[in-house]
K.L.:
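Take this structure, written in structure tokens, and hold onto it; I'll ask about it next.
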There are 2 protein chains.
Amino acid sequence: MSRPTIGDVAAAAGVTKATVSHAYSGKRPISVATKQRVFAAAEQLQWVPSSSARALATRRANAVGIILARDPDILASDTFFPAFIAGVESVLARQEVALVMQVVTNRTAEERAYRAMAHGRSDGVILLDLHRSDWRVGFLQDLRIPAVLLGAYDGETSFSRVRTDDATPVKELIAHLRAAGHERIAHVAGPLDYVHSYVRARAYLEETGTPELLREGDFTAGSGRDLTAELLRLPDRPTAIVYANDTMAIAGYSHARAHGLDVPRDLAVAGFDDDHLSGHLSPALTSVFTDPRRRGEVAAERLLADIAGDLHREVTVDCTRLVLRESTAAAAPTTARPLLTKELP
Amino acid sequence: MSRPTIGDVAAAAGVTKATVSHAYSGKRPISVATKQRVFAAAEQLQWVPSSSARALATRRANAVGIILARDPDILASDTFFPAFIAGVESVLARQEVALVMQVVTNRTAEERAYRAMAHGRSDGVILLDLHRSDWRVGFLQDLRIPAVLLGAYDGETSFSRVRTDDATPVKELIAHLRAAGHERIAHVAGPLDYVHSYVRARAYLEETGTPELLREGDFTAGSGRDLTAELLRLPDRPTAIVYANDTMAIAGYSHARAHGLDVPRDLAVAGFDDDHLSGHLSPALTSVFTDPRRRGEVAAERLLADIAGDLHREVTVDCTRLVLRESTAAAAPTTARPLLTKELP
DNA sequence: ATGAAAGCGCTAACAC
DNA sequence: GTGTTAGCGCTTTCAT
């Protein structure tokens with residue numbers, strides 16, 4: 001006995017396949033009596049419509065896709081991702097839409113994956129990690145598949161965008177540090193071809209006007225450590241550093257402390273994205289909560305709307321929030337303490 | 001112009017659909033010349049086979065599923081999950097198999113989701129978060145869909161299992177603490193109906209024989225804090241606590257420190273799962289690295305093998321590793337310092 | 001209110 | 001080595 005099909009249910013209920021189909025979809029009136037017979041038969045046979053057959057017939061996969069062109073290692077330590085997915089899923093679950101994920105490692109595979117998404121695997125995709133000039137935007141437009149872009153993508157596009165204001169919290173952070181007396185404030189950015197990194201870095205520059213204190217990292221702990229070391233070796237070293245994520249911030253302040261600096265007394269430190277452990281570090285890390293979960297919800301809602309035909313809208317999610325903690329608590333030193341002078345707190 | 005189909009390619013290449021199909025699948029010999037014409041036509045039309053049509057015809061979705069019955073909030077702060085997915089994906093990517101994820105919030109939705117997986121959405125599923133007696137095992141057996149169980153599920157099943165030895169690192173940890181002089185060692189477990197929590201707790205009991213120092217948490221920071229408070233209020237309080245995950249451990253030691261205890265001098269603390277920030281806390285947290293990435297790879301490989309017909313095997317992944325750090329570094333106190341006596345380190 | 005039949009785009013017997 | 005012809009299990013006209 002193989003899996004029951006709609007034909008089996010129809011036979012059992014003494015009707016045709018069309019009736020069974022309509023009993024469920026409600027796309028035409030079915031008498032209560034037969035409806036009941038159909039449901040009973042389906043229940044009894046444990047029938048579930050085949051999603052691939054339905055997908056073929058309706059040209060709807062009832063799935064949306066996310067393709068990640070990240071190194072699996074980076075994915076593994078990413079704090080943004082699971083929360084974002086959780087948000088996406090909480091919306092998709094309501095409509096019984098599935099999420100199809102694919103991680104790819106090169107451009108060819110990525111194109112093929114997007115093509116597959118457009119050709120039956122999914123009804124639309126969410127684009128993450130946008131580059132300032134992102135080939136995927138034009139590519140997907142050619143593929144004519146609905147897409148939602150996460151982030152402040154500035155290029156030409158008619159896709160829906162879900163943006164957040166990353167600039168404001170950076171500026172607030174700097175204002176906060178300034179108010180505490182800091183004058184030399186550095187920024188360790190993420191890769192600057194990412195729009196989100198770029199926006200944060202630009203906000204930093206607009207607010208401070210000190211490009212000589214800007215460094216481009218890659219979100220890994222290693223780059224956080226190395227660039228911190230570089231900044232602290234500067235003749236006129238910064239007394240505060242704002243990092244583009246918490247991982248780099250932690251690695252950075254660990255380095256500073258290992259070299260005798262006290263955080264926040266000798267060096268104030270702030271991260272970005274508010275990792276769930278950041279409040280538990282010691283000193284607790286000032287960060288910017290960006291509500292990835294909520295952004296996932298909004299992106300999913302926006303995509304479903306696009307798929308349903310309500311096209312091309314722009315949504316701004318107001319969800320970033322500065323979380324001030326000990327790592328930026330103290331007043332800035334009047335003179336920067338020298339590095340490499342080991343001393344106990 | 002709509003999306004090109006295999007028929008369009010066939011027409012353009014001057015052959016039939018079957019030839020196009022076979023040119024790609026290699027399931028029957030096609031002359032080099034026509035093969036080239038076919039590929040050229042496909043390339044020119046940008047044709048990609050429709051995955052839903054193929055799925056219907058072959059009864060293969062070329063996808064595997066993971067269904068999570070977790071609260072989205074828990075998912076969002078889970079350190080295991082992204083790394084595991086990364087591992088799964090790195091294997092699936094090679095075969096161009098997609099990963100279909102669904103998060104469900106109740107049993108009905110969960111059953112429906114598994115049924116959909118079995119009926120065209122996927123070719124097999126990976127079961128996470130196994131309970132000691134898990135209804136899904138029988139359910140999926142009835143559905144006759146390949147499945148791989150992650151963890152030391154002991155119930156009756158013919159599904160493949162990917163197990164790890166969680167007991168040994170717990171015992172090693174306790175031995176380590178004992179060697180440092182600790183005599184009262186407590187354990188804050190995860191929910192005991194989860195097999196992995198249960199196995200760890202049982203190992204703890206076998207090694208210590210002190211059920212009075214065992215508490216059942218739920219992996220959240222809140223439960224870590226509350227149960228730590230409870231343990232520290234004990235007349236003869238523990239001098240060391242082993243937690244079932246890092247989040248509870250952090251919350252626990254933060255609580256202890258807020259009440260005047262020094263970690264590790266007054267209380268040694270160890271976590272489990274080695275969150276990527278745990279090495280950067282201060283004191284750095286002793287934990288057990290469980291290589292979720294590798295387990296994801298093995299689970300995916302095992303599932304693909306099951307799908308391919310190589311059924312029902314049991315794989316043990318030897319990947320857990322004790323990571324000793326400062327939080328368990330110091331010698332145990334000869335007498336436990338009292339709680340609530342605020343004092344500076 | 002229901003039935004009959006024609007696809008959706010592919011694969012797989014079965015021919016030759 | 002290639003063409004022909006049925007399906008896969010649904011949805012959706014077109015009838016009645």
Side-chain angles (χ1 to χ4, degrees), chain A residues 1-39 41-42 45-63 96 115-123, chain B residues 1-39 41-42 45-63 96 115-123:
Chain A
M1 45 146 244
S2 168
R3 300 212 163 89
T5 75
I6 196 173
D8 300 331
V9 175
V15 295
T16 64
K17 300 190 291 176
T19 304
V20 174
S21 178
H22 289 123
Y24 279 93
S25 70
K27 292 201 174 179
R28 82 183 185 193
I30 301 284
S31 80
V32 183
T34 58
K35 216 178 228 173
Q36 238 138 31
R37 290 212 318 285
V38 168
F39 292 158
L45 292 173
Q46 303 242 59
W47 174 72
V48 174
S50 149
S51 22
S52 41
R54 174 176 284 172
L56 181 58
T58 59
R59 287 95 168 281
R60 271 288 173 78
N62 282 304
E96 304 213 9
R115 282 223 175 77
M117 287 291 175
H119 290 28
R121 243 208 218 307
S122 77
D123 306 316
Chain B
M1 46 147 242
S2 167
R3 301 211 161 91
T5 74
I6 195 172
D8 301 330
V9 176
V15 296
T16 64
K17 300 190 292 177
T19 304
V20 175
S21 178
H22 289 124
Y24 279 92
S25 70
K27 291 202 175 178
R28 82 183 186 193
I30 301 284
S31 80
V32 183
T34 59
K35 217 178 228 173
Q36 236 138 33
R37 289 211 320 284
V38 168
F39 293 158
L45 292 173
Q46 303 242 57
W47 173 73
V48 173
S50 150
S51 20
S52 40
R54 173 177 284 174
L56 181 57
T58 58
R59 289 93 167 284
R60 271 290 173 78
N62 282 305
E96 305 212 10
R115 282 223 176 77
M117 288 292 176
H119 290 27
R121 244 208 215 308
S122 77
D123 305 316

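Given the structure is predicted, the values throughout are model-derived calculations rather than measurements.
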K.L.:
Does A/Asp123 reach the main-chain N or O of A/Asn62 with its side chain, forming a donor-acceptor pair under 3.5 Å?
P.N.:
yes
K.L.:
Checking all strands, does B/Ser25 fall into the base, sugar-phosphate, or nothing category for heavy-atom contacts under 4.0 angstrom?
P.N.:
nothing
K.L.:
What's the CG-C1' distance between B/Asn62 and C/dG9, to the nearest Å?
P.N.:
15 Å
K.L.:
Looking for any heavy atom pair under 4.0 Å, which part of the strands does A/Thr34 touch: base, sugar-phosphate only, or nothing?
P.N.:
sugar-phosphate
K.L.:
Which nucleotide wins on minimum distance to the side chain of A/Thr16, given the candidates C/dT2, C/dG3, C/dC8?
P.N.:
C/dG3
K.L.:
Verify the contact: side-chain N or O of A/Lys17 to OP1 or OP2 of C/dG3, cut-off strictly under 4.0 Å; return yes or no.
P.N.:
no
K.L.:
Quick check for you: to the nearest 0.5 Å, what is the distance between B/Arg54 atom CZ and B/Arg59 atom CZ?
P.N.:
16.0 Å
K.L.:
Distance check: side-chain N/O of B/Ser21 vs OP1/OP2 of C/dT11, anything under 4.0 Å?
P.N.:
yes
K.L.:
Over how many whole Å does the gap from B/Arg54 atom CZ to C/dC8 atom P extend?
P.N.:
19 Å
K.L.:
Hey, does the side chain of B/Ser122 reach the backbone of B/Met117 with a donor-acceptor pair shorter than 3.5 angstrom?
P.N.:
yes
K.L.:
First and last nucleotide of DNA chain D touching chain B, 5' to 3', heavy-atom cut-off 4.0 Å?
P.N.:
D/dG1 to D/dG9
K.L.:
Please enumerate all protein N or O atoms sitting under 3.5 Å from an N or O of nucleotides 13-16 of chain C, with distances to 0.1 Å.
P.N.:
from: C/dC14; atom 1: N4; to: B/Arg28; atom 2: NH1; distance (Å): 3.4

K.L.:
Give every donor-acceptor pair under 3.5 Å between a side-chain atom in residues 16-23 of chain B and any protein atom, sequence neighbours left out.
P.N.:
from: B/Thr16; atom 1: OG1; to: B/Thr19; atom 2: OG1; distance (Å): 3.4
from: B/His22; atom 1: ND1; to: B/Ala18; atom 2: O; distance (Å): 3.0
from: B/His22; atom 1: ND1; to: B/Arg28; atom 2: NE; distance (Å): 3.2

K.L.:
Just by distance, no angles: are the side chains of A/Arg115 and B/Gln46 close enough, under 3.5 Å, to form a donor-acceptor pair?
P.N.:
yes
K.L.:
Pick the closest DNA chain D nucleotide for B/Thr58 and for B/Thr19 by heavy atoms, then say which residue is nearer the 5' end.
P.N.:
B/Thr19
K.L.:
Closer than 3.5 angstrom, by distance alone: can the side chain of B/Arg37 be matched with the main-chain N or O of B/Ala13 as a donor-acceptor pair?
P.N.:
yes
K.L.:
Starting at atom CZ of A/Arg59, determine the distance to atom P of C/dC10, rounded to an integer number of angstrom.
P.N.:
11 Å
K.L.:
Look at the side-chain N and O atoms of A/Ser31 and state whether any lies under 4.0 Å from the OP1 or OP2 oxygen of C/dT2.
P.N.:
yes
K.L.:
For A/Gln36 and C/dA1, what is the distance between atoms CD and P respectively, to the nearest whole Å?
P.N.:
15 Å
K.L.:
Taking the six-membered ring for Trp, is the centroid-to-centroid distance between B/Trp47 and B/Tyr24 below 6.0 Å?
P.N.:
yes
K.L.:
Quick check: on DNA chain C, is the nucleotide nearest B/Lys27 upstream (toward 5') of the one nearest B/Ala53, or the reverse? Name the residue that is more 5'.
P.N.:
B/Ala53
K.L.:
Across the strands shown, which category fits B/Pro29 at heavy-atom distances under 4.0 angstrom: base, sugar-phosphate, nothing?
P.N.:
base
K.L.:
Does A/Ser51 reach the main-chain N or O of B/His119 with its side chain, forming a donor-acceptor pair under 3.5 Å?
P.N.:
yes
K.L.:
How far apart are the closest heavy atoms of B/Gly120 and B/Ala61, and which atoms are they?
P.N.:
O-CB, 3.3 Å
K.L.:
On DNA chain D, nearest-nucleotide positions of B/Lys35 versus B/Leu56: which is more 5'?
P.N.:
B/Lys35
